[in-house]
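Written out below as structure tokens is the structure these notes cover.
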Amino acid sequence: MEPIRVILLPGAVLPAQEAYGALIEALGPDVQAVAKDLEIYADSEPPPGWSLDTEIDGVLRDADALGWETFHLAGYSGGGAAALAFAAKHPERLLSLALLEPAWAGSWDWSPAHAAVWMKFGELEALPPDQLLPAFMRLGVKSDVVLPPPPPGPPPPWMAKRPAGIKAFLRTFRSYDLDRARLAAFRPPVFFALGGLSNPDDYGEIAGRLARVFFPDFHLEVFPRRHHFDPPHRTEPARLAELLRRHWEQAESRG
């Protein structure tokens, strides 16, 4: 039997291997999972003209290099937004889609509470780098969640790229045209993992809106004790791996 072919896109903070190492181990040897770093961090600064289309082009390039005509795509946070954009642009390449709290899912049908969250996200761009990440994290969780302090010692070198990357994501979310009609026509199964402690006016609203408006085969899985910065692919990899394998196997059984 051929291995299950998956590309995993990380969020705007951790590199792909650090984000997905535990999940890839839990998935086992019969899943060929490629943790792909985001194009936005290929150089010291975001590429000129970078947008979600740049990330789409990177996924296409890597899939073509692997010889994968079709594959499963999973994305977390900023990588989840890129995965949604890929599904809209190239649905013929995907066997399924898995969304791990995508950071953004289009600019239509927002609730007033979701719009208020995004006004606060817009204010982050004026913050200096040392204040941006803590404020960004605070917006992603329920108000009573206690976020852990930064790890001791100097930050890893790659962290210096993250403030500019986060700001670039926020800018492209304001202008990117995520094609609603093409998403509505997407037929492969869609899996959505949601943390019970994440901001319900952000990620919870996105989950409900995608389920309500679009995908006919949509499965929502809630991880009650998890939140956006304590995600299941890092803290409950065995459970998530089991759910994803089932999702992928069912998609492939359809032929």
Side-chain angles (χ1 to χ4, degrees), residues 3-12 14 16-17 19-28 30-38 52 55-56 58-60 62-63 66 68 70-106 178 182-183 186-196 198 203-204 206-211 214-223 226-228 230-254:
I4 296 171
R5 303 184 301 270
V6 185
I7 293 177
L8 305 169
L9 300 178
L14 286 183
Q17 192 57 47
Y20 288 119
L23 178 63
I24 290 172
E25 183 176 357
L27 287 170
D30 57 337
V31 176
Q32 189 177 353
V34 175
K36 182 196 176 306
D37 281 308
L38 297 176
L52 294 181
E55 301 300 335
I56 290 172
V59 173
L60 287 173
D62 282 20
L66 290 163
W68 292 0
T70 59
F71 53 95
H72 305 276
L73 182 61
Y76 160 72
S77 194
L84 264 176
F86 189 97
K89 287 284 183 74
H90 298 285
E92 75 286 352
R93 301 294 298 267
L94 295 185
L95 297 169
S96 77
L97 182 65
L99 302 170
L100 313 176
E101 294 196 349
W104 177 81
L178 184 62
R182 288 182 67 87
L183 278 186
F186 188 79
R187 289 297 175 265
V190 178
F191 174 91
F192 194 114
L194 178 65
S198 294
Y203 307 108
I206 287 174
R209 183 156 48 94
L210 290 179
F214 294 119
F215 307 117
D217 188 351
F218 182 92
H219 176 74
L220 174 65
E221 192 72 30
V222 177
F223 292 74
R226 305 277 72 86
H227 59 68
H228 196 69
D230 179 37
H233 55 277
R234 292 170 52 203
T235 51
E236 294 188 46
R239 180 188 170 200
L240 181 60
E242 180 181 357
L243 292 166
L244 286 174
R245 287 179 63 94
R246 186 182 311 156
H247 169 67
W248 296 330
E249 288 166 0
Q250 289 174 351
E252 297 200 357
S253 71
R254 298 178 177 187

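Positions are given from 1, in the same order as the sequence printed here.
Residues Pro231 and Glu101 form no side-chain contact, since every pair of their non-hydrogen atoms from C-beta on lies 4.5 Å or further apart. Phe223 is not listed as a side-chain neighbour of Leu100, based on a closest heavy-atom distance of 4.5 Å or more. Proximity of Leu23 to Leu244: side-chain heavy atoms (C-beta onward) are separated by under 4.5 Å at one or more points. Two residues are said to be in side-chain contact when any heavy atoms from C-beta on lie closer than 4.5 Å; Pro102 and Ile206 meet this criterion. Residues Pro189 and His247 meet the side-chain proximity criterion, which asks for heavy atoms closer than 4.5 Å. Looking at Trp248 and Leu95, their side chains never come closer than 4.5 Å, going by heavy atoms from C-beta outward. Using a 4.5 Å heavy-atom threshold, the side chains of Arg93 and Leu60 count as touching. The shortest distance between side-chain heavy atoms of Leu210 and Val190 does not fall below 4.5 Å.
One finds the CG atom of Leu178 at 5.0 Å from the CH2 atom of Trp104 (value rounded to the nearest 0.5 Å). Here the straight-line distance linking atom CZ of Arg5 with atom CG of Leu66 works out to 9.5 Å at 0.5 Å rounding.
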* Intermediate values then yes/no, side chain to side chain contact (heavy atoms under 4.5 Å, CB included), His227 and Tyr203 -> CA-CA 10 Å; His227 59 68; Tyr203 307 108; over 6 Å; no

* Carefully, step by step, assess Ile24 and Leu8 under the rule side chain to side chain contact (heavy atoms under 4.5 Å, CB included). => CA-CA 9 Å; Ile24 290 172; Leu8 305 169; 3.9 Å; yes

* Would you sort out whether His72 and Ile7 count as a side chain to side chain contact (heavy atoms under 4.5 Å, CB included), showing the intermediate values? => CA-CA 6 Å; His72 305 276; Ile7 293 177; over 6 Å; no

* To do: Determine, step by step, whether Trp68 and Val34 satisfy the side chain to side chain contact (heavy atoms under 4.5 Å, CB included) criterion, reporting the C-alpha distance in whole Å, the side-chain angles of both residues, the deciding distance to 0.1 Å, and the verdict.
  => CA-CA 12 Å; Trp68 292 0; Val34 175; 3.7 Å; yes

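Under the side chain to side chain contact (heavy atoms under 4.5 Å, CB included) criterion, Ala87 pairs with Leu94, Leu97, Leu183, Phe186, not counting sequence neighbours. In this structure, the salt bridge (Lys or Arg N to Asp or Glu O under 4.0 Å) partners of Glu249, at least two apart in sequence or on a different chain, are Arg245.
Of the possible polar contacts, none joining the Glu221 side chain to the Phe191 backbone as a donor-acceptor pair under 3.5 Å is found. Remark: the backbone N or O of Ala22 is not paired with any side-chain donor or acceptor of Arg234 at under 3.5 angstrom. In this structure a side-chain-to-backbone donor-acceptor pair under 3.5 Å is present from Ser198 to His228. Side chain of Arg226 to main chain of Gly195: no donor-acceptor pair is present (N/O by atom type, distance under 3.5 Å, no hydrogens or angles). Checked by atom type and distance alone, the side chain of Arg209 pairs as donor or acceptor with a backbone atom of Ala105 at under 3.5 Å. Looking only at distances, a side-chain donor or acceptor of Tyr20 sits under 3.5 Å from a matching main-chain atom of Leu9.
Listed here is the closest heavy atom pair of Leu99 and Ala83: CD2-CB, 4.3 Å. Nearest heavy atom pair, residue Leu220 against residue Ala207, reads CD1-CB, 4.1 Å. When all heavy atoms are compared, the tightest approach of Ala241 to Ala26 is CB-CB, 3.8 Å.
Note on ring orientation: taking the six-membered ring where Trp is involved, the planes of Phe215 and Phe218 are parallel (angle under 30°, cut-offs 30° and 60°).
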